[in-house]
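Reviewing the structure listed below.
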Amino acid sequence: MSTRNAEVARNTAETRIRVRVDLDGSGKCALSTGVPFFEHMLEQVARHGLIDLDIDAKGDLHIDAHHTVEDVGITLGQAFARAIGDKKGVRRYGHAYVALDEALSRVVVDLSGRPGLSWRVQFRRSMVGEFDVDLAREFFQGFANHAMVTLHVDNLHGDNAHHQCETVFKAFARALRAAIEPDPRQGESIPSTKGSL
């Protein structure tokens with residue numbers, strides 16, 4: 001399998017974002033978004049997905065964090081799509097359940113080539129510190145649309161919004177890690193009867 005890394009820059013009137021990703025990394029990350037709780041969640045993606053992430057984002061935080069969080073999702077999705085390439089030899093599907101104290105979340109990933117997000121998460125409160133938890137969905141929608149993957153995200157239990165959100169991001173990381181893993185039985189073929197993903 002070839003080297004699976006990419007760098008993408010995305011500049012708009014609202015944000016300036018640069019993302020570097022290495023899908024075969026060790027979980028290292030360098031994060032600068034101006035949104036501390038979001039960086040805590042991105043760190044989970046790197047550490048539990050064993051994906052190296054370098055994200056530098058400057059956005060219109062004087063308004064709120066919406067554009068920054070959404071555009072990081074978009075740019076990370078673009079970098080992921082470039083890094084994963086034609087998806088030869090990968091498992092394609094991944095799923096994970098992750099618990100954190102009382103919270104339990106499940107994420108299922110299909111590297112389908114078709115963007116889709118099924119989101120069943122009802123947070124117990126709207127804010128974690130200064131982070132609006134509605135933005136978690138915006139991140140995953142942006143990622144799914146531009147990575148061209150299908151995501152099913154379910155928070156099955158949880159009373160603490162921090163725990164709920166963290167289990168979602170950790171389960172996403174673990175599911176993604178499983179989906180991009182090389183499958184020795186697959187060889188260099190593409191895991192689809194269509195012959196492309």
Side-chain angles (χ1 to χ4, degrees), residues 1-12 15 17-27 29 41-42 44-55 69-98 104-121 135-156 167-197:
M1 193 168 291
S2 61
T3 303
R4 302 188 299 174
N5 54 58
E7 180 172 353
V8 171
R10 183 175 192 272
N11 298 315
T12 73
T15 60
I17 297 171
R18 180 189 49 77
V19 170
R20 280 194 216 119
V21 61
D22 182 351
L23 301 183
D24 300 306
S26 59
C29 62
M41 296 300 100
L42 292 171
Q44 308 310 316
V45 175
R47 179 63 56 91
H48 293 280
L50 292 180
I51 295 169
D52 290 349
L53 287 179
D54 185 345
I55 299 175
V69 173
E70 180 180 33
D71 288 5
V72 166
I74 289 169
T75 312
L76 179 58
Q78 291 170 339
F80 176 87
R82 191 174 295 177
I84 196 70
D86 61 13
K87 304 172 195 156
K88 286 182 179 175
V90 299
R91 295 194 183 277
R92 175 179 171 176
Y93 300 100
H95 71 275
Y97 288 80
V98 168
L104 175 65
S105 292
R106 173 185 61 217
V107 175
V108 181
V109 177
D110 177 9
L111 307 183
S112 60
R114 296 180 304 279
L117 175 65
S118 173
W119 180 264
R120 287 182 292 274
V121 180
L135 298 184
R137 179 177 185 150
E138 300 304 320
F139 167 80
F140 286 109
Q141 188 71 70
F143 179 85
N145 287 349
H146 292 269
M148 301 294 284
V149 303
T150 301
L151 289 175
H152 285 254
V153 181
D154 298 272
N155 174 245
L156 304 174
T167 57
V168 163
F169 274 84
K170 285 178 174 177
F172 167 69
R174 288 280 174 165
L176 196 62
R177 175 176 162 184
I180 67 176
E181 186 177 60
D183 183 349
R185 294 184 63 197
Q186 190 74 26
E188 283 300 304
S189 64
I190 292 172
S192 171
T193 53
K194 296 189 298 291
S196 67
L197 286 170

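In what follows, every heavy atom counts, from backbone to side chain, and hydrogens, waters and symmetry copies are set aside. Fair warning: this is a prediction, and the values are worked out from it, not measured in the lab.
- Between V72 and I17, some side-chain heavy-atom pair lies under the 4.5 Å cut-off.
- For the atom pair CD (E70) and CZ (R137), the distance works out to 12.0 Å, reported to the nearest 0.5 Å.
- Although no hydrogens or angles enter the test, the distance criterion places no donor-acceptor pair under 3.5 Å between the side chain of R18 and the main chain of E7.
- Considering only heavy atoms from C-beta on, L104 stays 4.5 Å or farther from T167 through its side chain.
- In this structure, a donor-acceptor pair under 3.5 Å is absent between the side chains of T75 and Q78.
- Residues S196 and S192 approach most closely at O-OG, 3.5 Å, considering heavy atoms.
- Going from atom CD of E188 over to atom CG of D183 covers 11.0 Å, rounded to the nearest 0.5 Å.
- Put simply, the side chain of H146 does not reach to within 4.5 Å of the side chain of L76, judged on heavy atoms.
- Residues V149 and F80 are in side-chain contact: their nearest non-hydrogen atoms beyond the backbone lie under 4.5 Å apart.
- Between the D86 side chain and the K88 main chain, a donor and an acceptor come within less than 3.5 Å of each other.
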From CA spacing to verdict: side-chain contact (heavy atoms from CB on, under 4.5 Å), R106, H152: CA-CA 8 Å; R106 173 185 61 217; H152 285 254; over 6 Å; no

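- Note: F143 and F172 have perpendicular aromatic rings, judged against thresholds of 30 and 60 degrees for the angle between ring planes.
- Closest approach of V69 to L135, counting heavy atoms only: CG1-O, 3.5 Å.
- Taking both residues in full, the closest heavy atoms of P191 and K87 are given as CD-O, 3.5 Å, listed atom of the first, atom of the second, then distance.
- A79 and A6 make their closest contact through O-CB, 3.5 Å (heavy atoms, listed as atom of the first residue, atom of the second, distance).
- One finds no salt bridge joining D52 and R20 here, because no Lys/Arg side-chain nitrogen approaches an Asp/Glu carboxylate oxygen to under 4.0 Å.
- No side-chain heavy atom of Q186 sits less than 4.5 Å from a side-chain heavy atom of R91.
- Atom CZ of R177 sits about 13.0 Å away from atom CG of L23, to the nearest 0.5 Å.
- Taking 4.5 Å as the limit, some side-chain heavy atom of S105 sits within range of a side-chain heavy atom of N155.
- Taken from CD in E138 to CG in D71, the straight-line distance is 10.5 Å, to the nearest 0.5 Å.
- Under the 4.5 Å side-chain criterion, counting only non-hydrogen atoms from C-beta, I180 is in contact with R4.
- A96 approaches A175 most closely through the heavy-atom pair CB-N, 3.7 Å.
- The structure places CD of Q44 at 9.5 Å from CZ of F169, a figure rounded to the nearest 0.5 Å.
- In summary, the side chains of R10 and T12 do not present any donor paired with an acceptor at a separation below 3.5 Å, with no hydrogens or angles considered.
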Go through the steps to decide whether D24 and T3 satisfy the test side-chain contact (heavy atoms from CB on, under 4.5 Å), and finish with yes or no. CA-CA 8 Å; D24 300 306; T3 303; over 6 Å; no

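- Considering OG of S112 and CG of L197, their distance stands at 7.5 Å, rounded to 0.5 Å.
- Under the 4.5 Å side-chain criterion, counting only non-hydrogen atoms from C-beta, D110 is not in contact with V108.
- In terms of heavy atoms, L50 sits closest to S26 at CD2-O, 3.6 Å.
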